[in-house]
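Have a look at the structure below, then the notes.
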Amino acid sequence: MEKEIITGAEALMRALKAEGVKTIFGYPGGAIMPVFDALYDYTRGEKKCFDHILVRHEQAAAHAAEGFARVSGEVGVCLVTSGPGATNTLTGVADAMMDSTPMVVIAGQVGVSALGTDAFQEVDLVGVAQPVSKWSYQIRRAEDVSWAVSKAFYIAKSGRPGPVVLDFPKNAQVTKAEYVPCKVDFVRSYVAYPRLDEAAVKQAAELINQAKRPLALVGQGVELGNAQNELVEFLEKADIPAARTLLGLSALPSNHPLNMGMLGMHGNYAPNMKEQECDVLIAIGMRFSDRVTGTLSTYAKQAKVIHFDIDASEIDKNVQTDVAVVADCKLALPAVTRLLNKNVHREWRDSFKKYFDMENEKVIQPAIHPKEGPVLMGEVVNVVAEATHGEAILVNDVGQNQMFSARYFKFHKNRSIVSSGGLGTMGFGLPAAVGATFGAPDRTVCLFTGDGGLQMSIQEFGTIMEQQVPVKLVMMNNNYLGNVRQWQDMFFNKRKSFTRMLNPMYAKICEAYHIPYILVTDRSQLKDAVDKMLATKGPFMLECAVKEEDNILPMTPPGKSVDEMMLEIDL
């Protein structure tokens with residue numbers, strides 16, 4: 001058989017095709033031009049197998065790839081140039097690392113002979129990316145392309161997912177070599193899926209069987225492991241009430257009777273209080289973030305702790321564990337479930353109700369059904385949630401809009417929330433929503449953002465216009481960096497230092513980008529505006545002029561215990 005000799009750029013196209021890639025988010029430039037030239041043939045004609053989405057900023061390419069990956073379960077792919085093109089993606093890489101999102105960034109680089117000379121748009125990408133990525137590697141030879149791409153995808157999507165960065169010098173793009181397809185499914189010293197410890201499984205089951213007041217904490221790891229059904233069987237057999245982290249919100253349907261709400265600083269009152277009363281705390285695919293635990297010195301000291309996680313480095317990192325089940329939760333949960341006694345904890349479950357009722361009276365009803373005054377963020381989210389019947393995907397930015405939308409949206413389907421959890425990246429929402437529409441083209445994607453976060457990535461209106469991306473964008477405009485303003489009011493003597501914003505005329509911006517737009521200034525307009533937004537084909541922006549100094553509650557103040565959560569703020 002005759003050897004096939006092709007360029008490294010062509011080899012990259014074939015390697016990406018072999019990995020099943022269909023969508024690429026990118027931005028061309030000098031050092032990646034040979035790859036974009038090869039891409040030309042693969043986006044049209046007989047060779048067409050990729051859709052390339054031209055973003056307006058490389059950071060947006062990374063966030064769009066994250067949004068795509070989070071809703072599809074596939075690896076998101078970015079293609080950018082060297083220097084600033086590559087470094088612009090690194091915020092997205094760090095975001096993906098914190099939130100365990102599978103992504104591969106492929107960046108151009110100066111030729112190997114120019115490395116270290118401070119050549120135009122040269123940067124040590126491997127060195128810069130290493131601390132914030134799962135793996136970073138420089139492909140110096142065309143013959144290594146197939147192997148490097150296959151290894152990158154294997155590392156990105158296996159075990160605990162994460163981002164991989166490939167640095168692709170120009171000489172490796174243009175030189176020719178024999179193309180040999182490669183499939184990597186093993187990397188020495190990298191254990192993607194730890195062996196399930198049967199002794200740990202037995203110990204976990206014994207603790208749960210003995211528990212009188214068990215509480216499960218459900219994280220995104222359940223969805224990353226596609227173990228949503230296994231989770232429900234586990235909880236229902238032992239009658240275990242469960243609370244969800246921000247990124248784990250859609251791992252358990254909002255209306256499931258064992259769902260006790262959201263954990264965390266602005267989560268629901270009942271699960272936060274009950275963390276301090278349970279006798280067995282069962283963490284499943286979550287990392288005990290400081291935003292969940294509050295001060296660690298007082299967190300759940302009365303409870304035995306069982307921790308299910310695929311990543312051994314998370315065990316005992318923040319909270320001391322009594323039993324660690326280090327394995328893929330799709331295997332670990334059924335293994336424990338088989339050993340569980342069928343149980344009923346009615347009295348324990350019923351004890352959550354008094355906290356639900358307190359929060360409902362003091363926080364929820366005033367937030368979603370106000371009787372007078374300006375429009376509130378909570379009621380905007382509630383109207384959209386009711387209109388989408390728990391079927392839509394929620395994407396949000398960072399800040400008050402993030403917490404209000406997470407609290408009051410409803411989830412009936414898996415992989416339905418896309419949020420910047422660990423890094424808290426303002427500007428994440430808009431490009432992530434763009435990516436989500438490509439990752440789940442048959443679902444409605446609702447983006448909630450604030451005036452601050454939107455302006456950090458507003459250039460992506462250009463991507464929306466060009467692609468006619470069907471994002472339903474709800475911008476809750478309070479003329480403030482709302483979350484920071486709330487903290488300034490609470491902890492800095494109301495000294496509002498540079499948090500008030502002068503906003504542009506968004507109607508004019510939307511007109512310029514040919515995006516349909518409505519402004520809501522009164523709650524009497526809200527429902528009809530939401531209905532029109534959802535009925536409109538393609539993109540739509542709904543701007544809601546909301547109460548300027550609305551506060552997100554409940555709240556666990558920084559440095560406080562989770563059971564010191566506040567239902568009211570006295571300012």
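Note that the structure is predicted; figures quoted are calculated from it, not measured.
Side-chain contact check for F50 versus V77: every heavy-atom pair is 4.5 Å or farther apart. Put simply, the side chain of P558 reaches to within 4.5 Å of the side chain of W487, judged on heavy atoms. Contact annotation: the side chain of M403 approaches that of L246 to within less than 4.5 Å [non-hydrogen atoms, C-beta and beyond]. The side-chain heavy atoms of L430 and L454, taken from C-beta on, include a pair separated by under 4.5 Å. Counting heavy atoms from C-beta on, the side chains of Y517 and E543 come closer than 4.5 Å. By the 4.5 Å heavy-atom criterion applied to side chains, I106 and L16 are counted as neighbours. Within the 4.5 Å cutoff, no side-chain heavy atoms of K22 are placed close to those of C49. Considering only heavy atoms from C-beta on, Q488 comes within 4.5 Å of S497 through its side chain.
Once rounded to the nearest 0.5 Å, the distance linking CG of L249 with CZ of F411 reads 5.0 Å. Going from atom CG of L263 over to atom CZ of R244 covers 9.0 Å, rounded to the nearest 0.5 Å. With values rounded to the nearest 0.5 angstrom, I155 atom CD1 is found 10.0 Å from S136 atom OG. Once rounded to the nearest 0.5 Å, the distance linking CG of N483 with CD1 of I552 reads 8.5 Å. Here the OG-CG distance, from S405 to N382, works out to 12.5 Å after rounding to the nearest 0.5 Å. Of the inter-residue distances, the one linking I139 atom CD1 with F168 atom CZ reads 5.0 Å to the nearest 0.5 angstrom.
Taking the centre and axis of the six-membered ring of Y27, the NZ or CZ atom of R56 falls outside the cone set by 45° and 6.0 Å.
Closest non-hydrogen pair, Q121 versus S82, comes out as O-OG, 2.9 Å. Of all heavy-atom pairs between Q220 and T245, the closest is N-OG1, 4.0 Å. The heavy-atom pair separating A392 from C446 by the smallest distance is CB-SG, 4.2 Å. Residue L542 comes nearest to A529 through the heavy atom pair CD1-CB, 3.7 Å, listed as atom of the first residue, atom of the second, then distance. Closest heavy-atom contact between V398 and Q402: CA-OE1, 3.5 Å. Heavy-atom minimum distance, L447 versus A433: CB-CB, 4.0 Å.
Within the 3.5 Å criterion, the main-chain N or O of G116 finds a donor-acceptor partner in the side chain of E122. In this structure a side-chain-to-backbone donor-acceptor pair under 3.5 Å is present from N318 to F288. With D397 contributing its side chain and G429 its backbone, the two residues share a donor-acceptor pair below 3.5 Å. A donor-acceptor contact shorter than 3.5 Å is absent between the side chain of T437 and the backbone of P470. Of the possible polar contacts, one joining the T7 side chain to the E10 backbone as a donor-acceptor pair under 3.5 Å is found. At distances below 3.5 Å, not a single donor-acceptor pair connects side-chain atoms of H57 with backbone N or O atoms of E460. A donor-acceptor distance shorter than 3.5 angstrom exists from the side chain of K170 to the backbone of G30, with no hydrogens or angles considered.
Between E386 and K527, none of the side-chain N atoms (NZ, or NE/NH1/NH2) sits under 4.0 Å from a carboxylate O, so this pair counts as no salt bridge. Ion pair D489/K496 flagged as a salt bridge, since at least one NZ, NE, NH1 or NH2 atom sits closer than 4.0 Å to an Asp/Glu carboxylate oxygen. In this structure, E19 pairs ionically with K183, as a charged nitrogen and a carboxylate oxygen lie closer than 4.0 Å. Using a 4.0 Å cut-off between charged nitrogen and carboxylate oxygen, K413 and E223 do not count as a salt-bridge pair. E314 and R160 are joined by a salt bridge, as a carboxylate oxygen and a charged side-chain nitrogen come within less than 4.0 angstrom of each other.
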Show your working on side-chain contact (heavy atoms from CB on, under 4.5 Å) between M286 and V218 and close with a plain yes or no. CA-CA 7 Å; M286 56 87 73; V218 177; over 6 Å; no
Apply side-chain contact (heavy atoms from CB on, under 4.5 Å) to the pair V93 and L90, showing each step before the final yes or no. CA-CA 5 Å; V93 172; L90 290 179; 4.2 Å; yes
Which is it for Q486 and D550 under the side chain to side chain donor-acceptor pair (under 3.5 Å) test, yes or no, and what are the steps along the way? CA-CA 8 Å; Q486 180 172 332; D550 196 4; over 6 Å; no
Test M426 against L481 for side-chain contact (heavy atoms from CB on, under 4.5 Å), laying out the working first. CA-CA 11 Å; M426 285 185 69; L481 298 175; 4.1 Å; yes
Starting from the C-alpha separation in whole Å, work towards a yes-or-no answer on side-chain contact (heavy atoms from CB on, under 4.5 Å) for E143 and Y179. CA-CA 7 Å; E143 51 263 50; Y179 179 71; over 6 Å; no
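Open room surrounds NZ on K508; 12 or fewer heavy atoms of other groups in view lie less than 6.0 Å from it. With a 6.0 Å radius and a threshold of 12 heavy atoms from other residues, nucleotides or ligands, K532 has its NZ atom at or below the threshold. Residue R495 qualifies as open at atom CZ: its count of foreign heavy atoms under 6.0 Å is 12 or below.
D95 and T425 form a side-chain donor-acceptor contact under 3.5 Å, judged by distance and modelled atom types alone. Side chain to side chain, N88 and Q59 fail the donor-acceptor criterion of an N or O pair below 3.5 Å. For Y480 and E548, the side-chain atoms include no donor-acceptor pair closer than 3.5 Å. Neither side chain, E466 nor T463, offers a donor N or O lying under 3.5 Å from an acceptor on the other. Judged purely by distance below 3.5 Å, without hydrogens or angles, the side chains of N479 and R485 never pair a donor atom with an acceptor atom. Judged by distance alone, the side chains of D99 and T101 never bring a donor and an acceptor atom under 3.5 Å apart. Counting only N and O atoms by type, the side chains of S419 and N396 include a donor and acceptor under 3.5 Å apart. For the residue pair S416/R443, the side-chain donor-acceptor check at 3.5 Å is satisfied. Between K134 and Y190, the side chains place a donor N or O and an acceptor N or O closer than 3.5 Å (distance only, hydrogens not considered). A donor atom on one side chain and an acceptor atom on the other are not found under 3.5 Å apart for N478 and E549. Side-chain atoms of Q109 and D167 include a donor-acceptor pair closer than 3.5 Å.
Ring to ring, Y40 and Y42 are not that close: their centroids are 6.0 angstrom or more apart. Proximity of the aromatic rings of Y137 and W147 is defined here by a centroid distance below 6.0 angstrom, and this criterion is met. Ring centroid separation for the pair F404 and H266 does not come in under the 6.0 Å cut-off.
Checked against H63 for a ring-ring contact (aromatic ring centres under 6.0 Å, His included), the options F68, F428, F25 give a single hit: F428.
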